[in-house]
Structures are given as C-alpha cells and as structure tokens.
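Read the structure below first, then the notes.
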2 protein chains.
Amino acid sequence: MRRSIPEATVARLPLYLRALTELDPGVGFEATVSSERLAELAGVNAAKVRKDLSYLGSYGTRGVGYDVALLRFQMNVSLGLTGERAVIIAGAGRLGQALANYVGFRERGFRVVAMVDVDPAKVGSNLSGIPVLAPDEVDQLLAANDGCIVVIATPEDVAQGVVDRFVAAGASNILNFAPGVLSAPSEVMVRNVDLGLELQVLSFYAARKEGSVDS
Amino acid sequence: MRRSIPEATVARLPLYLRALTELDPGVGFEATVSSERLAELAGVNAAKVRKDLSYLGSYGTRGVGYDVALLRFQMNVSLGLTGERAVIIAGAGRLGQALANYVGFRERGFRVVAMVDVDPAKVGSNLSGIPVLAPDEVDQLLAANDGCIVVIATPEDVAQGVVDRFVAAGASNILNFAPGVLSAPSEVMVRNVDLGLELQVLSFYAARKEGSVDS
DNA sequence: TAGATTGTTAATCGATTAACAATC
DNA sequence: TAGATTGTTAATCGATTAACAATC
C-alpha cells in the first residue's frame, strides 16, 4: 500500500527533475547534490526538498547527498516519464495547433499523436505533421493510446461535452485550457490552465500599484 | 492602510466574477445571490466565499444575500478591470501569436497592444492586426502603456534577458510561459504557467493508475 | 573519530471551514 | 417577531519549516 503523496509535493517534482537535468549534463560531472543545493536550484526550502524526496523513497546518503543520476532516474520513474507518453489535443484551432507544436512538450518526453476537431475541412489533414481526426474516431484513438493525456483546447461552450466524450472513451488525465468549471468523475484527474484568470490576477496587483499612488 | 489579501483569495476572485457574470445576464434577472449559491457556482465552500468577499468590503446584506450587480461591479473594481488593460506579448512565435489572438483575453477586458520580437522579418509587420515591434522600442512601449501586463512567450534560453529588459523599462506584472525559474525584483509580480510541468504532473497520476493494475 | 547531510519528528504557520452572534 | 443569511471568530486541518537524531 503506497502512501499517497500530497498534491503540492507532486507539483514540485518537475522542478526537481529540471534541476537534476541541469546538474547531469555529461559523465561524472556532479556526482552528488545536497538538499541545500537542490533547493537553491529549484527555488524552494531545503527541508521541503528532503521531505518531498522522502515520499519517493530513500535515495540519499547521509553525510554525502543524493546521487544525481540515480535520483534523476527515480524521478523520471515516479513521474511516469521513462517512455514516451502520448498526448491528444481536442480542438485544432490556434491554441490547439500552438500546443501541438510546442517544443517544450517533446523535450520532456511527450508526443502529440493526434488532434481531434469537428471541422470537416481539417479532419483528415495533417497540421505540422500531426493528423487531425474526427470526433467519432475518439474511442479508437483512446484505445490505441493507453495512459495518454487529453488536452482540451476547444471553445468554452463545447468543452464539457468534449470532456464527457473523452471520459466515456476512457480518458483519465485531462489538461483543460477552456475557462469555467468542468465536471468529471472523481477518478479522472483534471488540471485547469485558465489564461484569462491568470491575467485577471495580475490585473489585481497592477490595480493595487496604481491605487497606492494617490490616496 | 489596506489589509493585504491572501494570494489564494485573489486567485479565486476571477471565479466569483465569472459566476456573477453568469447570474447577471439582463435586467433584474437574479437581483441577489447567497454565499451558498455563489459557492456552488464557483465550486468552493460557502464559508470561504463569505471570507473572501469580506476582504473586498461589506457588500452583502444579512438575511438577504449579495446584490449581484453591485458585487459584480465591485469585483471588477478590485480586479482593476473597469477599463481596458493593455497586454504586451514578448515573442511572436507560435505561442505568442496564439495568445495574441486568444479571444478569452479580449472577452475579459484585455487588449493586446503589441508583440515584441527580434526577428527582422517580423518586426514592422502586423500579425492578425497586432503590430510587431523591435526590442529597442520596449522603453517607449512601456511608457505608453501604464499598468500593462507583459506576457513572456519567448524561448526558454532568452527569457531571463527579456524579463530584465522589460523590468528595466518599468514592467511590474509578468505572465511567464517560459519554463524555469525567473528572477525579478520582489515588487514585480511574476506568475508562471509551465505547460510542460502541467503535463508532467498529469503523467505522475497516469503512471500511478498503470502501476496499480499489476503488482 | 569528526564533519556533513539525510530522513523524520515536532513546532509553526497559514489557510480552510464550522459555528454563531449580528442583523436584515 | 421569525426566518434567513452575512461577517467574523474560533477550531480544524494540512502544509511548511526548524530541529535533531541517525548515520555515512
């Protein structure tokens, strides 16, 4: 029975992986790293690093530190990044296409295998080498890509319907770019990236700075 | 002396604004709303709603609820959304262009006034009606757009330099899409959206589901 | 052995939520 | 007045961090 890892910890694992990747560029460059140094690279507290890493197992050596290559490997295992992971993008509009071509995905071991769109003018074509499929091919697509991640890049008003369709086809990991609250069964992991919300939060702080000039 | 509002609360204000906007579609449709109902629409706890809203001031009436139109207006004031707010996008690549055309920004009162790029082939042109400027026009651009938000959509390796340049020109609110830890003076608000990180977090949960099948 | 650093416990902190007095 | 619902206090919860025993 595995302990469950706090979501806040999970969200920091990619930061540690990035730091480890920077430390491990060649052969025997920096063999070990302390929690202190790793914390500095990831921009967090050293105690937090040790606590987070202890959830993954005991990969450090007291008095020495963490073996960079080993920890990096284990981190990849924990994050399920040992092979290539398939990504399917719902919505082949501007955002969908930008995401499909985002090099940051490929660099991190993700492969966009298909886009799905309702537009008959797009279906059947290849956009930057990525095939565009019709919605009625979703079942087949999901069956062929076990453990894939579905990215929702459709207009807001159809997002819930699209999610329902993908969940029915077996999707269980969703990254949603459409604004608004989506509902999905609790065993389906949904992460939301709301670009408008991010701007509104920044607008709040911008307004605050303006406000404090006078009064 | 204003109380400072917790960041977690600030991040929820846009959710409340969205809910209020749904409730307020015409004249006298739903005049008031209870914290209970608002909580349901925003997908949070009712006590949290009341606590969050109390930071903005006392806009409710005991026994009655919140006046939808009034609260919506005050929310817009708090979020600095009473006028149009300028957005400047650094990087006119695929992601930058997708963001520049993202309708969700315009719908929420943001206006992309310019993109900035180093590519001489793009500088001076209009991409979807948005002018592309050269880096040496940044000072002028920032001076002309007080309280603007700068979006970093450049490659990772130049992001820090771009941030430094914009901060020197007076930018104080940054939405960063480049992976990695950016440094900026503490008075500059930086929010990070790391698309690769989001996928890695989902990959973690996907791996977990696979793992629990066997073993 | 002495110095360094992990892994973990215990203390601290902040955010969430329940409860309720205030009051419409 | 009775019922409803806010605004706020106090209790709870979980996450962060300091501290230190274990141990290389």
Side-chain angles (χ1 to χ4, degrees), chain A residues 2-16 19-20 23 30-75 78 181 197 201 204, chain B residues 1-16 19-20 23 30-75 78 181 191 197 201 204:
Chain A
R2 247 179 304 194
R3 236 169 338 174
S4 98
I5 303 185
E7 231 185 283
T9 292
V10 174
R12 280 189 296 268
L13 298 183
L15 301 178
Y16 302 142
L20 290 167
L23 285 171
E30 288 207 46
T32 64
V33 63
S34 67
S35 58
E36 199 72 51
R37 176 109 177 80
L38 200 48
E40 195 193 340
L41 289 167
V44 301
N45 174 292
K48 202 187 274 180
V49 170
R50 293 199 294 278
K51 187 137 231 270
D52 285 343
L53 296 184
S54 75
Y55 285 109
L56 306 184
S58 201
Y59 299 117
T61 307
R62 288 165 206 246
V64 178
Y66 299 90
D67 181 295
V68 173
L70 172 65
L71 186 57
R72 187 186 174 190
F73 174 74
Q74 289 298 344
M75 190 69 73
S78 294
V181 179
L197 186 147
V201 169
F204 172 88
Chain B
M1 185 68 188
R2 247 177 305 194
R3 238 167 336 176
S4 98
I5 303 185
E7 229 184 286
T9 292
V10 174
R12 279 188 297 268
L13 298 184
L15 301 179
Y16 302 142
L20 291 167
L23 285 172
E30 287 209 44
T32 64
V33 63
S34 67
S35 58
E36 200 72 51
R37 175 107 177 83
L38 201 47
E40 195 193 339
L41 289 167
V44 303
N45 174 293
K48 203 188 272 179
V49 169
R50 292 199 295 278
K51 187 139 230 272
D52 285 344
L53 296 184
S54 75
Y55 285 111
L56 306 183
S58 200
Y59 299 119
T61 306
R62 288 165 206 244
V64 178
Y66 299 90
D67 181 294
V68 172
L70 172 65
L71 186 57
R72 186 185 174 192
F73 174 74
Q74 289 298 343
M75 190 70 73
S78 293
V181 179
R191 284 182 75 86
L197 184 148
V201 169
F204 172 88

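Just so we're clear, the structure is a prediction, and the values are computed from it rather than from any experiment. Naming convention: chains lettered A, B, ... in sequence-line order (proteins, then strands); numbering from 1 in each chain.
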Starting at [atom1] of [X] and ending at [atom2] of [N], how long is that distance when rounded to a whole Å?
X	N	atom1	atom2	result
B:Leu38	D:dG7	CG	P	12 Å
B:Arg37	D:dT5	CZ	P	13 Å
B:Lys51	C:dA15	NZ	P	9 Å
B:Lys48	C:dA15	NZ	C1'	8 Å
A:Glu36	C:dG7	CD	C1'	15 Å
A:Asp52	D:dA15	CG	C1'	10 Å
A:Asp67	D:dC24	CG	P	16 Å
A:Tyr59	D:dC24	OH	C1'	19 Å

So which nucleotide from [options] ends up closest to the side chain of [X]?
X	options	answer
A:Thr61	D:dT9, D:dT5, D:dC24	D:dC24
A:Arg62	D:dA18, D:dA21, C:dT16	D:dA21
A:Asn45	D:dA18, D:dG7, C:dT6	D:dA18
B:Ser54	C:dT16, D:dT6, D:dG7	D:dG7

Compare side-chain N and O positions of [X] against OP1 and OP2 of [N] and report whether any pair is under 4.0 Å apart.
X	N	answer
B:Tyr66	D:dG7	yes
B:Ser35	D:dT6	yes
B:Arg50	C:dT16	no

Point-to-point distance, once rounded to the nearest 0.5 Å, from [atom1] of [X] to [atom2] of [Y]:
X	Y	atom1	atom2	result
A:Leu23	A:Arg72	CG	CZ	10.0 Å
B:Ser78	B:Tyr59	OG	OH	6.0 Å
B:Asp52	B:Met75	CG	CE	8.5 Å
B:Leu20	B:Phe73	CG	CZ	13.5 Å
B:Arg191	B:Glu7	CZ	CD	6.0 Å
A:Gln74	A:Tyr66	CD	OH	13.0 Å

Q: Mind listing the closest non-hydrogen atom pair of B:Val201 and A:Ala11 along with its distance?
A: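 So the minimum-distance heavy-atom pair works out to CG2-CA, 3.9 Å.
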Q.
With nearest nucleotide decided by heavy atoms, which residue, A:Gly63 or A:Pro6, maps closer to the 5′ end of DNA chain D?
A.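 Comparing both residues, the 5'-ward one is A:Pro6.
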Q | 5'-most by nearest nucleotide on DNA chain D - A:Ala47 or A:Glu7 | A |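 The residue mapped nearer the 5' terminus is A:Glu7.
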Q: Describe the nucleic acid contact of A:Arg12 in one word from base, sugar-phosphate, nothing, applying a heavy-atom distance below 4.0 Å.
A: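 A:Arg12: backbone/sugar contact only, no base atoms under 4.0 Å.
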Q.
Just to be sure I understand the rule, does B:Ser58 reach a base, reach only the sugar-phosphate, or reach nothing, if contact means heavy atoms closer than 4.0 Å?
A.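 B:Ser58: backbone/sugar contact only, no base atoms under 4.0 Å.
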(Q) Pairs counted only when both distances fall under 3.5 Å, Watson-Crick or G-U: show me the 5' to 3' dot-bracket for DNA chain D, [ ] for pseudoknotted crossings and | for other-strand partners. (A) ..||||||||||||||||||||||
Donor-acceptor list for residues 35-46 of chain B side chains, cut-off 3.5 Å, not counting sequence neighbours:
from    : atom 1 : to      : atom 2 : distance (Å)
B:Ser35 : OG     : B:Arg50 : NH1    : 2.9
B:Asn45 : OD1    : B:Ala47 : N      : 2.6
B:Asn45 : OD1    : B:Lys48 : N      : 3.2

